[in-house]
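In this text the structure is predicted, and so the values were computed from the model without any measurement.
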Number of protein chains: 2
Amino acid sequence: MRLVIARCSVDYEGRLTAHLPLATRLLMVKADGCVAVHADGGAYKPQMWMTAPNTLREEPGRWVIRNPNGEQLTITVDEVLSDVSHDIGVDPGLAKDGVEAHLQELLAADPTRILDGLVLVRREHPTDIGPVDLLCRDADGRAVVIEIERRGEVDRASRERAATSRWVAIEVKRKAGIDAVEQLSRYLERINRDPLTRPCRGMLVATSVAPQAVVLAESRGIACVTVDYDELRGLREPSLTLF
Amino acid sequence: MRLVIARCSVDYEGRLTAHLPLATRLLMVKADGCVAVHADGGAYKPQMWMTAPNTLREEPGRWVIRNPNGEQLTITVDEVLSDVSHDIGVDPGLAKDGVEAHLQELLAADPTRILDGLVLVRREHPTDIGPVDLLCRDADGRAVVIEIERRGEVDRASRERAATSRWVAIEVKRKAGIDAVEQLSRYLERINRDPLTRPCRGMLVATSVAPQAVVLAESRGIACVTVDYDELRGLREPSLTLF
DNA sequence: AGGTGTATGTCGCAT
DNA sequence: ATGCGACGTACACCT
């Protein structure tokens, strides 16, 4: 990794046009070739950057970085105050816990956390516009899980069961906003066109839901449920919600 | 700005839990207090970070950074290879051209670029779920809501020019996707509840529109119009589109 | 403080 | 390659 402190002005031309007047900044060149121009503030995002792959041409007083998409970063270097390189080596990588996938796993393992009597039919149930997180059936009707054959015929009995049973499409989010409601609405529209899964209602499950999203959801007949992640993981006793 | 090269392991606890095993990395502390942990690759994004405001407590062999939301970054420092600080000062700031606001300005100044006879009623027309880019009336006096979408993408032609010529003229496409259609649909739903603006149709204006977005838009009676940014700015003569 | 929309978003996964 | 959704998205703007 190369770290240069320099007085410079910078220009970007590509998806938009941008200009940085002359000032002192940090120029960071990583081993993969990506370049970032940092001011001494403004969070972790650089003021300008060029991701790899790119080509850096270093002339006296000017760096020109180009990428295969025709974007270009031009750094006009007025004065170099420091220029050091460090041998860092590859990174072992990042481990994460608590992302949406884990929440979905936990809820798939026990859908009654969402609604009493709920039975999981399928995770990542595919529709022609993308997979819906969970497809379940509620407590009403016979507790027969219908396997949906995407190829071939479904027998008459299953078709009738499907037509009379109530399906629930569940979308799981950590923090749900309006876009989550939109996403679920799109899926519902599709699922309700399929005679096998019609009629189907939707539920939005999240660790928190934005108030406006609740309004939009309820206006579309979509129920919102909040769950506690620690509680789901068994790190905490279920809260005794009385109301 | 303080730049530390160190062998360290890092842990984040907050919105999720994450862990970085022991390795050599760059620790960047900016004047505003934000901290970033960079590997020598993987684009400009740090592997972990803590934005300002926060408090950094530096103990021997351990940095603990906390923010007011209760999130915590713990850097266990095994060995410091370099530790330098630079006085950089405030930055004069970044100037951008070609963002959505500019496209909106140009179209507001002359809505006939979108549709013949179109008259602007109001920019950023407020609804109870957010502002609509442009509210117009068509030649027949009916209301039209316009959603302007920009999403950067450099087109193929400039890519080829960039590859073959020394001088690079960049043409920028601004592409609308399904989310733009959803956004406009939401606004339309609201506006068509208001007797003053009903009936109202929608138009999606962008320098380009994704095929799926066109399909979804047309299925909802939303017309898609593409415009040329350079043409709007007057940098190019209107193309004589014959069809 | 909280919600909404923009971003050169970036990134990863599936088609 | 492209579409699509997640992200500790960050960030500005507005209420």
At 4.0 Å (heavy atoms only), tell me whether Q47(A) reaches a base, stays on the sugar-phosphate, or touches nothing.
base
Whole-Å distance, N69(A) CG to dG9(C) P, equals 11 Å
Choose from dG8(D), dA6(D), dT10(C) the nucleotide whose nearest atom is closest to any side-chain atom of R15(A).
dT10(C)
For P131(A), answer base if it contacts any base atom (sugar-phosphate contacts may also be present), sugar-phosphate if it contacts only those atoms, and nothing otherwise; contact means non-hydrogen atoms under 4.0 Å.
nothing
Length of the line joining L184(A):CG and dG5(D):P, which is rounded to integer Å:
12 Å
side-chain contact (heavy atoms from CB on, under 4.5 Å) between V4(A) and L26(A): does it pass, once the steps are laid out?
CA-CA 6 Å; V4(A) 179; L26(A) 164 69; 5.9 Å; no
L135(A) and C200(A): which non-hydrogen atoms are nearest, and at how many Å?
CD1-SG, 4.5 Å
Please measure how far the C1' atom in dT6(C) lies from the corresponding atom in dT10(C), and state the result in whole Å.
14 Å
DNA chain D nearest-nucleotide lookup for A43(A) and K96(A): closer to the 5′ end is K96(A)
Between dT8(C), dG5(D), dG5(C), which nucleotide has the shortest distance from any of its atoms to the side chain of R186(A)?
dG5(D)
Inter-nucleotide P distance (dC11(C), dC11(D)), Å rounded
16 Å
P atoms of dC7(D) and dA7(C), separation to the nearest Å
22 Å
Rounded to whole angstrom units, what separation is found between the CG atom of L103(A) and the P atom of dG8(D)?
14 Å
How many Å lie between CG on L94(B) and C1' on dA10(D), as a whole number?
15 Å
Identify which nucleotide among dA10(D), dG3(C), dT6(C) has an atom closest to any side-chain atom of E147(B), counting heavy atoms from C-beta outward.
dT6(C)
Roughly, in whole Å, what's the span from CG in L16(A) to P in dT6(C)?
15 Å
What nucleic acid atoms does G177(A) come within less than 4.0 Å of, heavy atoms only: base, sugar-phosphate, or nothing?
nothing
Toward the 5' end of DNA chain D, by each residue's nearest nucleotide, G42(A) or L73(B):
L73(B)
Does dG8(D) have Y12(B) stacked on its base, where the ring centres are within less than 5.5 Å and the planes differ by under 30°?
yes
Measuring only the C1' atom in each nucleotide, how far is dG9(C) from dG5(C)? A whole number of Å is fine.
13 Å
Looking only at side-chain N and O atoms, does H38(B) offer a donor or acceptor that is under 3.5 Å from a partner on K45(B)?
no
Value in whole Å for how far the C1' atom of dT10(C) lies from CE of M50(A):
15 Å
Of R190(A), E189(A), Q183(A), which is the lone residue that meets side-chain contact (heavy atoms from CB on, under 4.5 Å) with Y187(A)?
Q183(A)
DNA chain C nearest-nucleotide lookup for T51(A) and Q212(A): closer to the 5′ end is Q212(A)
Determine: side-chain N/O of Y187(A) to OP1/OP2 of dG5(D), distance under 4.0 Å, yes or no.
yes
Could you check how far NZ of K45(B) sits from C1' of dT10(C), rounded to whole Å?
6 Å
So if I take every side-chain heavy atom of Q183(A) and compare against dA10(D), dT8(C), dG5(D), which nucleotide ends up nearest?
dG5(D)
Would you call E58(B)-R2(B) a salt bridge at under 4.0 Å N-O?
yes
Closest to the M48(B) side chain: dG8(D), dG9(C), dT4(C)?
dG8(D)
OP1 or OP2 of dG9(C) versus the side-chain N and O atoms of W49(A): is any pair under 4.0 Å?
no
Atom CD of E71(A) to atom C1' of dA7(C): distance rounded to whole Å?
13 Å
Okay, side chain of S185(A), backbone of V181(A): is any donor-acceptor separation there less than 3.5 Å?
yes
